[in-house]
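Lettering follows sequence order; numbering is per chain, from 1.
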Amino acid sequence: MKLYNSLTRAKEDFIPVTPGKVNIYVCGITAYDLCHVGHARSALVFDVLVRHLRRSNLEVFFVRNFTDVDDKIIKRAHDDGRDWREVAETYMRCFHEDMDRLGVLRADAEPKATDFIKEMQDLCERLLRENKAYATASGDVYFKVRAFPEYGKLSGRSPDELRAGARVAPGEEKHDPLDFALWKSAKPGEPFWESPWGKGRPGWHIECSAMSAPYLPLDIHGGGLDLIFPHHENEIAQTEAACACTLARFWVHNGFVQVNAEKMSKSLGNFTTIRDILERYLPETLRFFLLAKHYRSPVDYSFDSMDETERAQRRMYHALAEVDVALARDAWKALPFPSDRSAEAERLEDAFARALDDDLNTASALGHAFAFLKLVKSLLDDKKLRNSEGARDIFLRFRRCAGEWHDVLGLFGAEPAVFLAELRNCRITRGNIDTAAVETILERRAAARRDKDFAASDALRDELFAKGIEVRDTPQGQEWDIAG
RNA sequence: GGCGGCAUAGCCAAGUGGUAAGGCAGAGGUCUGCAAAACCUCCAUCCUCCGGUUCAAAUCCGGAUGCCGCCUCCA
């Protein structure tokens with residue numbers, strides 16, 4: 001497959017270092033708060049990448065770490081009057097709960113920073129030995145950026161350019177403003193570990209260098225776009241300065257979730273947690289919404305766009321339900337069948353796979369899935385063709401494709417009737433609908449209809465519509481749903 | 001200020017040299033007591049603007065404008 005590499009700023013053929021095997025390391029969360037949509041997107045992007053690589057018969061080892069000791073966690077613990085370990089554990093658990101609900105597969109390894117303290121210290125010592133880092137009187141250890149000539153190769157910045165904007169916080173003892181902390185001496189009340197430089201704790205960047213070390217060289221290192229600088233740049237510097245090897249061949253970065261064209265972030269306070277969303281929408285709707293755009297593009301989150309996603313999603317499941325009904329029949333006729341329809345179905349199945357091979361283009365892939373839906377629907381409505389063996393073959397292919405969409409995208413894999421019922425319940429809850437009251441009106445309407453009193457029947461239908469309820473009259477009786 | 005990204009119909013969104021996927025909304029039609037749902041059909045001579053390269057550009061190059069991100073913690 002082709003994959004965009006942030007390092008070269010180009011789409012490249014993805015070829016694993018070891019044939020048939022892929023190591024992926026993705027920067028996970030710092031466990032100090034609930035995850036928001038942005039975290040969901042990042043997790044989803046790499047979830048689909050891993051699924052797709054596995055479907056391409058590659059043996060994937062997927063690592064996603066947790067940062068469980070950090071300034072923010074310590075601050076949060078202090079604010080909540082809790083132990084920092086408890087804070088970290090709480091939010092790691094929440095991460096798992098949220099991601100499980102979204103159908104994000106668990107990583108093969110989920111290292112925690114606090115389990116790698118020894119490795120981080122070893123890495124510091126190695127860099128010190130090689131004169132690529134220095135310890136200060138107060139017990140901090142800094143990386144010497146000037147000792148790594150390639151510094152800036154990922155973010156496209158040169159140390160000289162960075163120099164102008166760099167600053168030194170009060171109390172820091174850096175030799176150079178660009179240098180960054182590998183190890184921080186502990187302040188009173190903070191968690192600490194014994195070290196050759198006194199009591200202290202690791203800097204953020206060194207954590208990932210230590211946790212990814214067992215898997216070098218990585219085929220793919222991933223994370224959000226905002227991690228490129230300084231986090232990933234520093235990670236490269238640490239790892240490559242210490243081991244004289246390549247940290248990762250491909251750097252893959254996902255774009256942001258935005259709100260009103262602005263980045264969703266903690267600092268702007270414009271974030272929506274995954275939990276907030278799942279109170280209003282089904283997990284699969286969020287998945288669909290996020291995967292309907294290319295992973296590197298920004299995505300604007302809003303209720304309106306989620307509602308729109310829901311409508312498209314409903315259409316797909318309706319079609320799936322209809323196809324299942326059609327397939328349950330057993331009276332297929334050997335009629336002449338237009339070969340271009342069959343060829344089109346075959347082409348669309350292939351196009352779906354090709355889209356994912358092209359830099360994980362889930363948006364394009366989904367476009368092909370819906371084009372296939374269109375083809376199937378038209379067949380379903382064709383009174384003659386729908387009973388033909390040619391149509392049956394296309395229906396079967398459609399069903400098989402849906403299985404593929406489920407395997408790789410985690411979409412459209414539910415039992416249609418079950419999903420549709422869940423979706424309806426979800427919309428009823430969201431609309432704050434009094435189901436009992438609706439049923440009462442429907443009973444009165446059914447009575448009016450028995451009496452062929454259409455004026456009364458229509459008045460009741462208008463009354464319901466005013467409450468946001470849409471009624472349909474079907475051969476099986478009245479059906480209702482939330483309007484829109 | 002430095003570095004980077006994006007600009008496609010009312011909206012969302014694919015498309016990286018060969019003449020604009022898909023979705024939502026909308027219009028007309030079939031169906032219906034009337035509706036709704038479903039299905040069918042239609043809906044960008046054109047891809048922010050100005051130059052250039054080419055037989056050929058939304059796609060490549062140069063410039064302009066607008067928006068966004070990173071440079072401090074951030075998926």
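- Separating the C1' atom of B:rU48 from that of B:rA7 is a span of 6 Å, rounded to the nearest Å.
- Here A:Gly152 lies out of heavy-atom contact (under 4.0 Å) with every strand.
- Under the 4.5 Å side-chain criterion, counting only non-hydrogen atoms from C-beta, A:Val37 is not in contact with A:Arg41.
- For the pair A:Arg41 and A:His368, nearest-nucleotide mapping onto RNA chain B gives the more 5' position to A:His368.
- Nucleotide B:rG15 holds its P atom 12 Å from the CG atom of A:Leu360, rounded to whole Å.
- Each of A:Ile469, A:Ile433, A:Val438 was checked for a side-chain contact (heavy atoms from CB on, under 4.5 Å) with A:Ile428, and the lone residue meeting it is A:Ile433.
- With rounding to whole Å, A:Lys293 atom NZ is found 8 Å from B:rA14 atom P.
- Judged purely by distance below 3.5 Å, without hydrogens or angles, the side chains of A:Glu235 and A:His231 pair a donor atom with an acceptor atom.
- Residue A:Glu479 is classed as having no contact, given no heavy-atom separation below 4.0 Å to the nucleic acid.
- Side chain of A:Arg9, nearest nucleotide from B:rG33, B:rC71, B:rG4: B:rG4.
- Nucleotides B:rU45 and B:rA37, compared at atom P, are 29 Å apart to the nearest Å.
- One finds a side-chain N or O of A:Lys263 lying less than 4.0 angstrom from the OP1 or OP2 phosphate oxygen of B:rC70.
- Between A:Arg311 atom CZ and B:rG23 atom P the separation is 14 Å, expressed in whole Å.
- The CG-C1' distance, from A:Asp304 to B:rG23, rounds to 15 Å in whole Å.
- Under the Watson-Crick or G-U wobble criterion, with both distances below 3.5 Å, B:rG62 is paired with B:rC50.
- Side-chain atoms of A:Asp276 and A:His36 include no donor-acceptor pair closer than 3.5 Å.
- For B:rG33, its base sits under 3.5 Å from the side chain of A:Arg449 at one donor and acceptor pair at least.
- Nucleotides B:rA27 and B:rG10 are separated by 14 Å at their C1' atoms, to the nearest Å.
- Spacing of C1' atoms, B:rC3 relative to B:rG22, comes out at 35 Å, to the nearest Å.
- Residue A:Asn361 places no side-chain atom within donor-acceptor reach of the base of B:rG15, judged by atom type and a 3.5 Å distance cut-off alone.
- Aromatic ring centres of A:His221 and A:Tyr25 lie closer together than 6.0 Å.
- Within the nucleic acid shown, A:Gly38 comes within 4.0 Å of at least one base atom, counting heavy atoms only.
- B:rC61 and B:rU53: their P atoms are spaced 15 Å apart (whole Å).
- A:Arg64 forms no cation-pi arrangement with A:Phe46, by the criterion of a distance under 6.0 Å to the ring centre and an angle within 45° of the ring axis.
- Among the protein residues, A:His294 comes within range of the sugar-phosphate backbone only, with heavy atoms under 4.0 Å from sugar or phosphate atoms but none that close to a base.
- Spacing between B:rG52 and B:rA14 at atom P, rounded to whole Å, works out to 31 Å.
- Across all strands shown, A:Gly367 has heavy atoms under 4.0 Å from base atoms, whether or not it also approaches the sugar-phosphate.
- Both distances falling under 3.5 Å, in either a Watson-Crick or a G-U wobble arrangement, occur for no nucleotide opposite B:rG33.
- No engagement by A:Ser158 is indicated, since no non-hydrogen atom pair under 4.0 Å with the nucleic acid exists.
- With A:Gln313 contributing its side chain and A:Phe288 its backbone, the two residues share no donor-acceptor pair below 3.5 Å.
- At whole-Å resolution of the value, CG in A:Asp451 and P in B:rG33 are 17 Å apart.
- Here A:Ala363 lies in heavy-atom contact (under 4.0 Å) with a base.
- Pairs of residues two or more places apart, or lying in two chains, never qualify as ring-ring contact (aromatic ring centres under 6.0 Å, His included) while including a residue from residues 453-484 of chain A.
- When both distances must be under 3.5 Å, the Watson-Crick or G-U wobble mate of B:rC67 is B:rG5.
- In this structure, B:rU41 and B:rA27 make a Watson-Crick or G-U wobble pair, each of the two defining distances being under 3.5 angstrom.
- Between A:Phe372 and A:Phe352, a ring centre-to-centre spacing not shorter than 6.0 Å is recorded.
- Side chains of A:Tyr295 and A:Asp359: a donor-acceptor N/O pair is present below 3.5 angstrom, by distance only.
- The distance between atom CG of A:Asn234 and atom P of B:rC71, rounded to the nearest whole Å, is 12 Å.
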Please write out each protein N/O paired with an N/O of nucleotides 35-39 of chain B under 3.5 Å, distance rounded to 0.1 Å.
unit_1 : atom_1 : unit_2   : atom_2 : d
B:rA35 : N6     : A:Asp473 : O      : 3.0
B:rA35 : N1     : A:Asp473 : N      : 2.8
B:rA35 : N3     : A:Arg461 : NH1    : 3.1
B:rA38 : O3'    : A:Lys377 : NZ     : 3.1
B:rC39 : OP1    : A:Lys377 : NZ     : 2.8
B:rC39 : O2'    : A:Asp381 : OD2    : 2.4

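- Comparing the same atom, C1', in B:rA25 and in B:rC42 gives a spacing of 14 Å after rounding to whole Å.
- Between the P atom of B:rC34 and the NZ atom of A:Lys452 lies a distance of 13 Å, rounded to the nearest Å.
- With a cut-off of 3.5 Å on both Watson-Crick or G-U wobble distances, the partner of B:rU16 is given as none.
- Stacking between A:Phe370 and the base of B:rG23 is absent under the criterion of ring centres within 5.5 Å and planes under 30 degrees.
- The distance from atom CD1 of A:Ile228 to atom C1' of B:rG4 is 8 Å, rounded to the nearest whole Å.
- As rounded to the nearest Å, B:rC60 and B:rG15 have P atoms that lie 12 Å from one another.
- If you check every strand for non-hydrogen atoms under 4.0 Å, A:Val37 touches nothing.
- The residue among A:Leu375 and A:Tyr32 whose nearest nucleotide of RNA chain B is located toward the 5' end is A:Leu375.
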